[in-house]
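A short worksheet on the structure shown next.
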Amino acid sequence: MEWYCALWNSDKASSAAGASMIYELLCEGDTSMVSEFPVVEELYEEVKDKYPEFTQHRLLGAVLISCDFSKAEYADRVLQELAKKHGLSYFEPQNFTFVEG
């Protein structure tokens with residue numbers, strides 16, 4: 001079983017419900033609610049270099065990340081910290097956790 005989350009650049013969500021909508025659009029490949037920002041690429045590279053156990057899917061303005069469910073608690077903590085560091089929004093759909101960037 002896998003665990004999923006997304007980090008993105010957007011000011012269009014101010015609640016977990018709004019973040020859920022953006023997350024669903026991103027999963028369908030729709031990036032209309034996010035915007036490209038160099039920090040997203042920086043985050044992608046940092047995760048790729050430091051956390052090879054995470055699988056990433058880079059979209060324009062967002063990164064979708066997954067890992068084995070056994071690493072979910074660790075991933076959630078690490079990725080929330082990275083979202084804050086890079087000023088990006090974070091959404092984890094399993095527990096409906098949203099941190100506004």
Side-chain angles (χ1 to χ4, degrees):
M1 181 175 213
E2 286 197 318
W3 175 90
Y4 302 92
C5 75
L7 296 93
W8 62 72
N9 179 54
S10 177
D11 60 358
K12 303 230 189 281
S14 59
S15 67
S20 179
M21 182 187 71
I22 292 174
Y23 177 79
E24 289 177 28
L25 290 171
L26 291 172
C27 288
E28 294 171 1
D30 182 342
T31 60
S32 63
M33 299 290 286
V34 299
S35 57
E36 183 59 33
F37 194 59
V39 168
V40 176
E41 185 63 31
E42 291 171 18
L43 169 88
Y44 176 82
E45 292 298 325
E46 184 172 351
V47 171
K48 183 175 76 171
D49 292 344
K50 293 183 179 177
Y51 306 98
E53 66 272 31
F54 300 159
T55 301
Q56 300 185 89
H57 181 69
R58 174 80 164 88
L59 299 167
L60 181 71
V63 179
L64 300 173
I65 300 175
S66 65
C67 69
D68 186 86
F69 198 77
S70 65
K71 297 180 186 206
E73 192 172 313
Y74 166 71
D76 183 55
R77 181 177 42 81
V78 165
L79 295 168
Q80 280 193 50
E81 289 172 9
L82 287 174
K84 289 177 187 174
K85 173 184 171 184
H86 291 282
L88 298 171
S89 293
Y90 170 86
F91 182 68
E92 187 266 303
Q94 290 86 187
N95 295 301
F96 220 59
T97 303
F98 173 60
V99 177
E100 191 171 1

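All values below were derived from every heavy atom in this structure, side-chain atoms included, with hydrogens, water molecules and symmetry-related copies excluded. Predicted model only: the values in this text are computed from it and were never measured. Residues take their numbers from the sequence shown, with the count starting at 1.
At least one donor-acceptor pair under 3.5 Å links the side chain of Ser15 to the backbone N or O of Gly18. Using a distance-only test at 3.5 Å, with no hydrogens or angles considered, no donor-acceptor pair links the side chain of Asn9 to the main chain of Gly61. Side chain of Gln56 to backbone of Tyr44: a donor-acceptor contact under 3.5 angstrom is found.
Residues Val40 and Ile65 are members of one and the same hydrophobic cluster, defined by side-chain heavy-atom contacts under 4.5 angstrom among Ile, Leu, Val, Met, Phe, Trp and Tyr. Phe96 and Met1 sit in two unconnected hydrophobic clusters of ILVMFWY residues. Membership requires side-chain heavy atoms under 4.5 Å apart, directly or through other members. Clustering ILVMFWY residues whenever any of their side-chain heavy atoms sit less than 4.5 angstrom apart, transitively, puts Tyr90 in a cluster other than the one holding Phe98. Both Met21 and Leu59 are members of a single hydrophobic cluster when ILVMFWY side chains are connected at heavy-atom separations under 4.5 Å. Follow the hydrophobic side-chain contacts under 4.5 Å out from Leu26 and you never reach Leu7; the two are in separate clusters.
To the nearest 0.5 Å, atom CD1 of residue Ile22 and atom SG of residue Cys27 are 12.0 Å apart. To the nearest 0.5 Å, atoms OH (Tyr74) and OH (Tyr51) are separated by 5.0 Å. Atom CZ of residue Arg77 and atom CG of residue Leu82 lie 10.5 Å apart, to the nearest 0.5 angstrom. Residue Met33 holds its CE atom at 12.0 Å from CD of Glu24, rounded to the nearest 0.5 Å. Distance check, rounded to the nearest 0.5 Å: OG of Ser10 to CD of Glu100 gives 9.5 Å. Distance CG/Leu25 to NZ/Lys12: 12.0 Å, rounded to 0.5 Å.
Under a 4.0 Å N-O distance rule, the pair Glu45/Lys48 qualifies as a salt bridge. Using a cut-off of 4.0 Å between Lys/Arg side-chain N and Asp/Glu carboxylate O, Glu36 and Arg58 are scored as salt-bridged.
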- [ ] Check step by step if side-chain contact (heavy atoms from CB on, under 4.5 Å) holds for Trp3 and Phe54.
- [x] CA-CA 10 Å; Trp3 175 90; Phe54 300 159; over 6 Å; no
Open item on the list: As a quick check of understanding, evaluate side-chain contact (heavy atoms from CB on, under 4.5 Å) for Val63 and Val47, giving each step before the final call.
Closed with: CA-CA 10 Å; Val63 179; Val47 171; over 6 Å; no
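Tyr4 and Glu2 share a side-chain donor-acceptor pair at under 3.5 Å. The closest side-chain donor-acceptor pair between Asn95 and Thr97, if any, does not fall under 3.5 angstrom.
Across all their heavy atoms, Cys5 and Pro93 have their closest contact at CA-CD, 4.1 Å. Between Tyr23 and Ala6 the shortest heavy-atom distance is CD1-CB, 3.6 Å. Here the closest heavy-atom approach between residue Val39 and residue His86 is recorded as CG1-O, 3.0 Å.
In the displayed structure, Glu73 atom CD is contacted under 6.0 Å by at most 12 heavy atoms of other residues, nucleotides or ligands.
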